[in-house]
Protein chains: 2
Amino acid sequence: MLTIGKLGKAAGVKVPTIRYYEQIGLLPEAERSAGNQRLYGHKAQERLAFIRHARDLGFTLEAIRDLLSLSDRPDQSCAAADAIAKAQLAEVESRLARLTALKAELERMVVQCAGGSIADCPVIEVLSDHSLCATDHRHPESEVPS
Amino acid sequence: MLTIGKLGKAAGVKVPTIRYYEQIGLLPEAERSAGNQRLYGHKAQERLAFIRHARDLGFTLEAIRDLLSLSDRPDQSCAAADAIAKAQLAEVESRLARLTALKAELERMVVQCAGGSIADCPVIEVLSDHSLCATDHRHPESEVPS
DNA sequence: CTTGAAGCTATAGTTGCTAGAGACATTAGG
DNA sequence: CCTAATGTCTCTAGCAACTATAGCTTCAAG
Ligand SMILES: [Zn+2]
Ligand SMILES: [Zn+2]
Ligand SMILES: [Zn+2]
Ligand SMILES: [Zn+2]
């Protein structure tokens, strides 16, 4: 049995984050020692590692909640899990597209600046006027159907 | 003089957002009509367009605050503004790198799944065990959706 | 036995908005 | 001119996903 600190170190998750996950029901309530401290076994360790890895891959806590409850029913079809992963891939691809456009505009800005005064700085100029941009980088309203 | 609604439409910013910007001091307190409604002139319109564009390029409100106060002193050197833009470019590049790795892992996951049961699903398997990943996509920093 | 690290609960703060309630102002139609 | 429909006002609370603080208690090492 691990204390919360050891568990956190083992999984690469900060202690308050573990307590937060318990609070929102992503982790079950931990067993307690005689002195009321949380104790974790192997199962909790695996569950936390799963959460951590999914967070690292950009899944939201809501998606992780669904993935966890799916993984608790191993004999069912994995279609729902795959759909969540595909939605996450689509989300990542759309962010990637947007960031690529942003990078291009920011590069244009900083390259054009010759280091003069603010009045002539292309950085300030471009920020004041989107029509000076080469691409349409504006924030799209993203929606994810369920 | 524009009312807050017209200004919002003109700049592509929602009304509560404009009030929020005023509240945090990013926009100056607006003039008021006889009936206590906010009224905006050309200068406010430009300032809001600047903010909107910088937000679209991913700058934080803190960075925008600095950029705005720099642009109010046109005869000074633009070095500070350029530094902010360069930092933003670096931030975007680092997010881009991370998202590229994420995309690769997510693609591997969804491609490998043949559509069986959860017990054999590569999606769940990979999420349970980072050593099945091809890249080291982990990064304790900066998972901020833009 | 004492000290310092680690744990506990509870609350509030972060970023950049967005949503609601309930009241007042303005505008268009009849 | 009256009314109904918007628009605007202030204020408060909520969203994700934590992080930080305060003021305790418990545990492990020396
Ligand atoms: Zn410059
Ligand atoms: Zn632009
Ligand atoms: Zn599958
Ligand atoms: Zn991995």
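Note: hydrogens, waters and symmetry copies are ignored here, and every other heavy atom, side chains too, is used. Residue numbers begin at 1 in each chain, while the letters A, B, ... track the order of the sequences.
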From C-beta outward on A:L61, which listed nucleotide comes closest to its side chain: C:dC8, D:dA17, C:dC17?
D:dA17
d(CD, B:E31; P, D:dC9) in whole Å
13 Å
Rounded to the nearest angstrom, tell me the gap between atom CD1 in A:I4 and atom P in C:dA5.
19 Å
Quick one: is D:dC18 close enough that its OP1 or OP2 comes under 4.0 Å of any side-chain N or O from A:K14?
no
Could you tell me the separation between the CD1 atom of B:I24 and the P atom of C:dG13, rounded to a whole number of Å?
16 Å
A side-chain contact here means heavy atoms from C-beta on lying under 4.5 Å apart; do A:I24 and A:R65 qualify?
yes
D:dT19, C:dC17, C:dC8: which one has an atom nearest the side-chain heavy atoms of A:R38?
C:dC8
Assert: residue with more 5' nearest nucleotide on DNA chain D, out of A:N36 and A:Y20, is A:Y20
Using only side-chain N and O atoms of A:Y21, determine if any of them is under 4.0 Å from OP1 or OP2 of D:dC18.
yes
Of all the choices, D:dT8, C:dG7, C:dT18, which nucleotide is nearest to the side chain of B:Q37 once you look at every atom?
D:dT8
Whole-Å distance, A:K6 NZ to D:dA28 P, equals 9 Å
Give me the ring orientation class for A:H53 and B:H137: parallel if the planes are under 30° apart, tilted from 30 to 60°, perpendicular past 60°.
parallel
Hey, can you pull the donor-acceptor pairs under 3.5 Å for the side chains in residues 4-22 of chain A, sequence neighbours left out?
from  : atom 1 : to    : atom 2 : distance (Å)
A:E22 : OE1    : A:R38 : NE     : 2.9

Closest-nucleotide 5' rank along DNA chain C - winner of A:G5 and B:P16
A:G5
Could you report the tightest heavy-atom contact between A:A81 and B:V123, atom names first, then the distance?
O-CG1, 4.2 Å
Rounded to whole Å, CG of B:L39 lies from P of C:dA25 at a distance of 14 Å
Ranking C:dT26, C:dT18, C:dC8 by distance to the side chain of A:R32, first place goes to C:dC8
Any base atoms under 4.0 Å from B:R19, or only sugar-phosphate, or nothing? Heavy atoms, all strands.
base
Output the single nucleotide from C:dC17, D:dC18, D:dC27 whose closest atom is nearest the side chain of A:S33.
D:dC27
Both B:E62 and B:A34 contact DNA chain C. Which one's nearest nucleotide lies toward the 5' end?
B:E62
Ranking C:dC17, D:dT8, C:dG7 by distance to the side chain of B:T17, first place goes to C:dC17
Provide, to the nearest angstrom, the distance between the CG atom belonging to B:D56 and the P atom belonging to C:dG16.
14 Å
Is there a side chain to side chain donor-acceptor pair (under 3.5 Å) between A:T135 and A:E105 once you walk through the steps?
CA-CA 7 Å; A:T135 64; A:E105 290 307 336; 2.8 Å; yes
How many whole angstroms separate atom CZ of B:R52 from atom P of C:dG16?
15 Å
I need the CD-C1' distance between B:Q23 and D:dC11, as an integer number of Å.
10 Å
Have a look at B:F59 and say if it touches a base, only the backbone sugar-phosphate, or nothing, with a 4.0 Å heavy-atom cut-off.
nothing
Got a list of side-chain donor-acceptor pairs under 3.5 Å for residues 27-34 of chain A, not counting sequence neighbours?
from  : atom 1 : to    : atom 2 : distance (Å)
A:R32 : NH1    : A:N36 : O      : 2.9
A:R32 : NH1    : A:N36 : OD1    : 3.4
A:S33 : OG     : A:G35 : N      : 3.2
A:S33 : OG     : A:Q37 : N      : 3.1

Looking only at side-chain N and O atoms, does B:T3 come under 4.0 Å of OP1 or OP2 in C:dT26?
no
